[in-house]
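Everything on this sheet refers to the single structure shown next.
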Amino acid sequence: MAIAATPLRPESSPSLGRNIVTIRGVRKYFPIKEGVLQRVTGHVRAVDGVSFDIPRGETVGLVGESGCGKTTLGRCISGLLPPTEGGIYFGLDDEAHRRLDDLLRMPAGSRTPEQDRKLDELAARYRIDAMPKERWKAYRRNCQVVFQDAFSSLNPRQLVKDIVGRPLRVYKEAFGRDLNARVIELLDDVGLGEQHLYRYPHQFSGGQRQRISLARALALEPDFIVLDEPTSALDVSVQAQILNLLHRLQQEHGLTYLFITHDLNVVRHMSDRIVVMYLGKVCEAGPAQQVFDHPRHPYTEALIAADPGRHGDRRVDLRLMGPIPDPARPPQGCRFHTRCPVSTKWCGWEVDDVVRQLESAGRTLEGLTGVERRSEFSADLRFQTEEQAEGLISALRSAAVPEAMRAALIDLRRNGNEVVLRFEPVDEVRLESIEPEHETACVLHTSQYPQVRGE
Amino acid sequence: MTATVPLLSVDNLAVHFATKRGVLHAVDGVSLNIGEAETLGLVGETGSGKSVTARSLLRLVPTPPGVYAEGRVFFRPRVLCSTCGGTGCATCGGIGRIPAPCPACSGAGCPACESSGRETLDLLRVPERKLRDIRGNRIAMIFQDPGKALNPALSVRQQIAEVFAEHRSQELLEAAGADGDSSSGAGVLMRRAARGRSRLVERRVLDIPPFRSRYARLRGGLDDRIAEALKATRIPNPRKVMNSYPHELSGGMKQRVMIAQALACDPDLLIADEPTTALDVTIQARILDLIDELQEKHHTAVLYISHDLSLVRRISDRVAVMYGGKLAEVASTAQLFDDPLHPYTKALLSAIPSRGQRRGELVAIEGAVPEFIAPKACCRFHTRCPFAGPLCSSKDPALLERGREGHHAACFLYDSPDDVDAAPDLMPSWQGKRV
Amino acid sequence: MASGSGLIGARPAAWRFRALVTRVRRTTDIVRESLRNPTTFAGGLIVLVLVLMALFAPVIIEGNSPNAYQMPRDFAAIDAPPGTEGHLLGTTPTGGDVLYGVVWGARNSLRLSLIVVSITVAIGVAVGSLAGFLGGRWDSLLMRVVDVFLSIPELIFALAIAATLGPAFGNIILALAVVFWVKYARIVRGQIIHVKQNDYVDAARVIGDSRWRIYLKDVLPNSITPVMVQATLDMGHVVLIGATLSFIGLAEAGLAEWGNLVSEGQSGIVAGRWWVATFAGAMVFLWALAFNLLGDGLRDVLDPRTEGR
């Protein structure tokens, strides 16, 4: 559904860019610490190189299953977490946006010092973790968050009046009776009233608490609100109230939403654009209608098919098998290839898949004594006996592993009690435009491996 | 007659809770039937009493603060088919189980079995011992959060072994060829081992040569059964998963282990209390497929509790909608979803965002669920119902068949003033707001 | 609520009053709950009696001069049994009035426990907050210090400090303070780390509030309940250990202190002079019991899971 004309706030001038927030190459890694000395032994790659734009006045839906990094990304965007790499840019005008993209398109190594300097200049002006304090403060006011858990997002020891009035007090915008009037106005706006001023959060139901959260977020008249699963904890009937309210507020205040959720019905209803994430990466992004009607990435398709609301066409062939891989060791190529029902030999089959696939087929690597890895795609597996080595080889040639994986094996032979195996090395799948505004990261649709479509 | 006797019938169940502010009527006069191999979806929002209803079927509501104020829960278990011994034959229709005849009248029908001719137990009144024998054996339950329902200190093997030890120790002993010598010390030890009651010392004793082989057979038999139960839920590598602990498994895997544990003894009824709410959609879809498939195989009846209407639509044969501790509507899935009668059901259905609905125009039910502390007689929904009339706040609507067979709704909108003894101007009318 | 906005300007005082009423009502709810809970009620009642006795000690028995905390000596009546004229509860082997010791001992105990608990709570909350709220290196450093303190048995530690500093009431206070603060540091830190994960802390950060105000408004008020419970329990505990120290003789001689009295009376018990040790001992027992009951009850009453539900 197209929103009638982007509602701009009256004071916004034409110099404002089309996008309110621009996310470029954001990564967020969490260290895994082990032992008494808390040595860092690895990183969970919660968000691993995500880029998209949030157009002014629109709602961008960020969808994915638990552990895909959507909440972490939301926290990075709202400035609660510093990204490990990449940046969130705020207030880029269209010209600066174009320049930024031109510069970022070049690999980091091949940029000239002059170009690096230009990039730094852009960052110092627009990137939220590098911008001057004044601009950061403006962003802080302009970007608000509504959290999922309405029970833990309100301080149980403060009155509603203090909770909603707090932002105004922090910025010294209102005091005393003026503050009260403003708070009542805000409560009124979200469907609560004067009678709720002097109550504690525990005296409210889940839906009402979420309204209080919204009133607090609106207090500073922001342009942009990150909604982190705002209705997931609510009952359907209350969810409908909140969704209607969110829409009304967007219309009245010209708000831009980033709507993070795992509920496809909700995201389809609310969003203009959709970004689908899987294991820290974007696998598909585009206009909501188009993504839902013509999903291009098999993961998006599987997500839509798994929705129990879509009775009638229960496509069992789109059931995803196998567990979600460990985000500390994400799969090569396309991250979804381990569970993908339509994978090809170009999808990034690697040494780790030998274990992944055989395990989900119910087999174990018996007698394995050592693995010598030459790369992610090539390794020697040492067994106790030659029979065991032979066993692995026959398993890898059998239907216990996907056909695409067998096709990707370019070398598989036994060397004594060692198995030498080598997969065709591939690059990470890139997010590419397949239609205007509609991007996907799937080898079936991008130009990365033209051979795929030839086969 | 026997064929139409429901497996479980709940009759006017009322469960109350003592709270600081008064007696909370969590469940207030619920009557339900679940037929054999039927899936009944029980839908309701937070505070509707759906979980309390489910838990009271197995008397799992803690008392105090809970009180089983009223009602009966009749359960009619099945027994192993005497012709084939559970393997499936023509007599039992390949299910392996047949209805248990009433021990008092052996099928003729008597007051003890509510003239159903089948063994009938009132689950709210049977002694604790008998109930223990039913829990996990004839009626099993799976919960919303498998992480909390599984004991983190026990391996998957130990958790499932507990079920077999509790309900299948005799079979295990027979399989191990250790049934006969019940009088000898070794027999006693084996018996305790099969029930999972043996101590470390006893297990050490059983490990010495004269007993070792039979003990090994016992353990082997147990492991086989556990692996089989896990395999039935499509867990890859059951022998490996057996040895892992809950924290090593993913959410979907834990739910599978719980289902394996619940279905281990081939129960007659599976109570599923929001089993997929904590799971991702793609995992949820697989768990639903699994429940479907296992139900097909074992002819288990399922009581599926959820707040998610689309989920219930996908899995149930019949649906019961609960609001404020009472049933608002009961109907077959098709009837309920195609032509809901109760205003609450109608509103709930249109509150789900779906294709084609304009943004900002979802039908929301105004207000929130009130708390029903010592409520007076009224339609529980009248405070939020756009059609409510004065009668709705002073009289309890009965759950009656409306129009079609099997379609029950508790709403005065379908009554004529004479039916309910009220003046016409007190009646609710459709001239309310849209739904 | 359009009509409401028109009225606001007219009644600012009324608005403030309503806020006050709501806040007071919350407190009265807790008090009412405490009265209903048999444990807090019993504990609270005994505490009230003991504290009143301590507060009105000068009214009950005129204080000794110049130092009221020194037992008055009546050398004419040594080892007098209870009921003796002028010595209702008898006297000690040195002629001290037991009743005076009991009453002024209560005042002394209240003084001791209040001072020690306020010092330890202050230090503990400060250290625990630094560790929990700042985290990282601060946390590791401060918690190692706490670990060191916790690895020494508290009674022996207090004893060692008091013994090194010499027998004086002030030194007992110091010794107890050094021993007791660690507990609070640990409680506060754990609590703060837990509270910090709540979304309302992030919500305050998103608003742009300063760290200090987030600590004062969001983190501390929600972390303080277990501290209050522990402080109540320690009001009893401190007196118990204080009595132990003075029993061993680490307080000034002749101080009107229950431990001192028990110490003085212990040798007489065999000879049948039971009253000195018994009355003083009973007071220590009663004091510790009362505060333990109150603290345990408060733990239930203030439990955030039941609060306000």
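Every chain is numbered from 1, with letters handed out A, B, ... down the list of sequences.
Heavy atoms closer than 4.5 Å to chain B are found in both the backbone and the side chain of A:S66. Looking at B:R239, neither its backbone nor its side chain comes within 4.5 Å of chain A, counting heavy atoms on both sides. In this structure, no portion of A:Q208 lies under 4.5 Å from any heavy atom of chain B. At a 4.5 Å heavy-atom cutoff, the contact between B:E45 and chain A is made by backbone and side-chain atoms alike. Contacts of B:S250 with chain A are absent, with no heavy-atom separation under 4.5 Å from either backbone or side chain.
Across B:L288, B:V312, B:V281, B:T277, the residue that shares the most heavy-atom pairs under 4.5 angstrom with chain A is B:V281. For the set B:I315, B:L348, B:T282, the entry with the most heavy-atom pairs within less than 4.5 Å of chain A is B:T282. Chosen from B:H307, B:M253, B:Q284, B:R286, the residue pairing most often with chain A at heavy-atom distances under 4.5 Å is B:R286.
Taken from CG in A:D263 to CG in B:D308, the straight-line distance is 8.0 Å, to the nearest 0.5 Å. Atom-to-atom distance recorded for A:L246:CG and B:R359:CZ is 11.0 Å, nearest 0.5 angstrom. Rounding to the nearest 0.5 Å places CG of A:N244 at 12.0 Å from CZ of B:R358. The structure places CD1 of A:I324 at 5.5 Å from CG of B:D280, a figure rounded to the nearest 0.5 Å. Between the CD1 atom of B:I283 and the CD atom of A:E65 there is a distance of 6.0 Å, given to the nearest 0.5 Å. Between atom OG of residue A:S237 and atom CD1 of residue B:I352 there is a gap of 11.0 Å, rounded to the nearest 0.5 Å.
Across all their heavy atoms, B:L362 and A:H269 have their closest contact at CG-NE2, 3.5 Å.
With a 4.5 Å cut-off on side-chain heavy atoms, B:Q357 and A:N265 do not count as touching. Looking at heavy atoms from C-beta onward, A:M270 lies out of side-chain contact with B:P353 at the 4.5 angstrom threshold.
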